[in-house]
Protein chains: 2
Amino acid sequence: MTNRDAIEIFHNYLATKNLKHSEQRMSILQDFLDSGKHLTAHELFVLVQKKTPSVGFATIYRTLKLLCECGLCRELKLDDGTTRYEYQDETQHHDHLICTKCGKFVEVLDPEIERLQDKLFDAYGFLPQRHRLDLYGICKSCNK
Amino acid sequence: MTNRDAIEIFHNYLATKNLKHSEQRMSILQDFLDSGKHLTAHELFVLVQKKTPSVGFATIYRTLKLLCECGLCRELKLDDGTTRYEYQDETQHHDHLICTKCGKFVEVLDPEIERLQDKLFDAYGFLPQRHRLDLYGICKSCNK
DNA sequence: TATGAAGTTGATATTCATTATCATGATGAA
DNA sequence: TTCATCATGATAATGAATATCAACTTCATA
């Protein structure tokens, strides 16, 4: 999915909800797309402020909420209590390897694990909705 | 592991840290052990207050922290933002199936998934520390 | 069993992330 | 251009968790 696609998804979502465009929303989306992934709200705030200093903190949260609603963003509540937001390509689910020293995120996917998870849902009579797998460890460069 | 074992672990931990026993700590541990698992701090607070009304909120948090430190308790930060504490039998790691309607927790374990996770750590050169797998869905009784 | 150093407590203040409020400003269909 | 509606920034408010502090316990020692 290109940035253009993402922007269109956002526009369409605003349209269906009778919401309006705004410079702030576009600016936030742009920085969100351009930046590395897995930002905190505060980190995104700092990024956006560089180009659009007038943007307020509340608008960051409001826009992140919209992005989550339209599927472009995923909210990650980590075990250390922080919340991070990552750009989500709907077509590409993944889990995370997280370095507990430097905070590095690696996106991983193991089809076999995914399959076994569905088997677990099934075994307990659950209707699967989503899952959350975070693998915490120490990355190669931190482990020297 | 019996409750008696757990209490001994807690006592030993206090001893090694030169910490003291107290009625409050024992009362909290007892309720924590007796109750169902996966309590919020507030739920535990309410439980404890029934028997020991004078116990303050801060002491609940302080004691939960100690219990986590000595391995009797695991803190779960859930995707809905709530934090729950579960009694942890060190010998028995498990993951969770969580019903998004009624909040039911089912403890599950798939040795094959565990094995594949270690393979993932390995494939990316990570030193494994821990992981976190939450499966969200709708349980049988909520799906009727 | 009395002492006292050190740890513990409850109440409360504080912090921090997030959300709600509200007066003012921006958007866009007509 | 109008104007109903929505969005915004500033700020207040919330809620969970932690820090502070004076008063109270604990427990090793005398």
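The chains referred to below are lettered A, B, ... by the order of the sequence lines, with proteins before strands, and numbering in each begins at 1.
Picking from D/dA10, D/dA19, D/dA17 the nucleotide with the shortest atom distance to the side chain of B/Ala58 gives D/dA19.
Nucleotide D/dG15 holds its P atom 16 Å from the CZ atom of B/Phe45, rounded to whole Å. Summarising the geometry, the separation between NZ on A/Lys17 and C1' on D/dT5 is reported as 16 Å, rounded to the nearest angstrom. Protein atom CZ of B/Phe57 is 18 Å distant from nucleotide atom C1' of D/dT20, rounded to whole Å. At whole-Å resolution of the value, NZ in A/Lys77 and C1' in D/dA16 are 11 Å apart. A straight line from CG of B/Asn18 to C1' of D/dT29 spans 15 Å, rounded to a whole angstrom. Rounded to a whole Å, the CG atom of B/Leu78 is 14 Å from the C1' atom of D/dA16.
Counting non-hydrogen atoms of other residues, nucleotides and ligands closer than 6.0 Å to CD of A/Glu23 gives a total of 12 or fewer.
Residue B/Tyr61 places no side-chain N or O under 4.0 Å from the OP1 or OP2 atom of D/dT18.
Interface residues of residues 20-28 of chain B facing DNA chain D, ordered by number: B/Lys20, B/His21; criterion, heavy-atom separation under 4.0 Å.
Of the candidates B/Arg132, B/Arg84, B/Glu86, B/Glu107, B/Glu86 is the only one forming a side-chain hydrogen bond (donor to acceptor under 3.5 Å, both in side chains) with B/His96. Of the listed residues (A/Leu39, A/Leu33, A/Asp31), just one forms a side chain to side chain contact (heavy atoms under 4.5 Å, CB included) with A/Ser35, and that residue is A/Leu39.
Ring geometry for A/Phe57 versus A/Phe45: interplanar angle of 30 to 60°, hence tilted. Note: B/Tyr87 and B/Phe32 have perpendicular aromatic rings, judged against thresholds of 30 and 60 degrees for the angle between ring planes.
Between B/Glu75 and A/Leu66, the residue whose closest nucleotide on DNA chain D is further toward the 5' end is A/Leu66.
Nucleotides of DNA chain C with any atom under 4.0 Å from a heavy atom of chain A span, from 5' to 3', C/dA17 to C/dG28.
Side-chain contact check for A/His131 and A/Asp95: at least one donor-acceptor pair (N or O, by modelled atom type) lies under 3.5 Å. For the residue pair B/Gln24 and B/Thr52, no side-chain donor N or O sits within less than 3.5 Å of a side-chain acceptor on the partner. A donor-acceptor contact under 3.5 angstrom links the side chains of A/Tyr85 and A/Glu75, judged on distance only.
Residue A/Ile98 is not grouped with residue B/Leu127 when hydrophobic side chains (ILVMFWY) are merged at heavy-atom distances under 4.5 angstrom, including chains of intermediate members.
No engagement by B/Thr82 is indicated, since no non-hydrogen atom pair under 4.0 Å with the nucleic acid exists.
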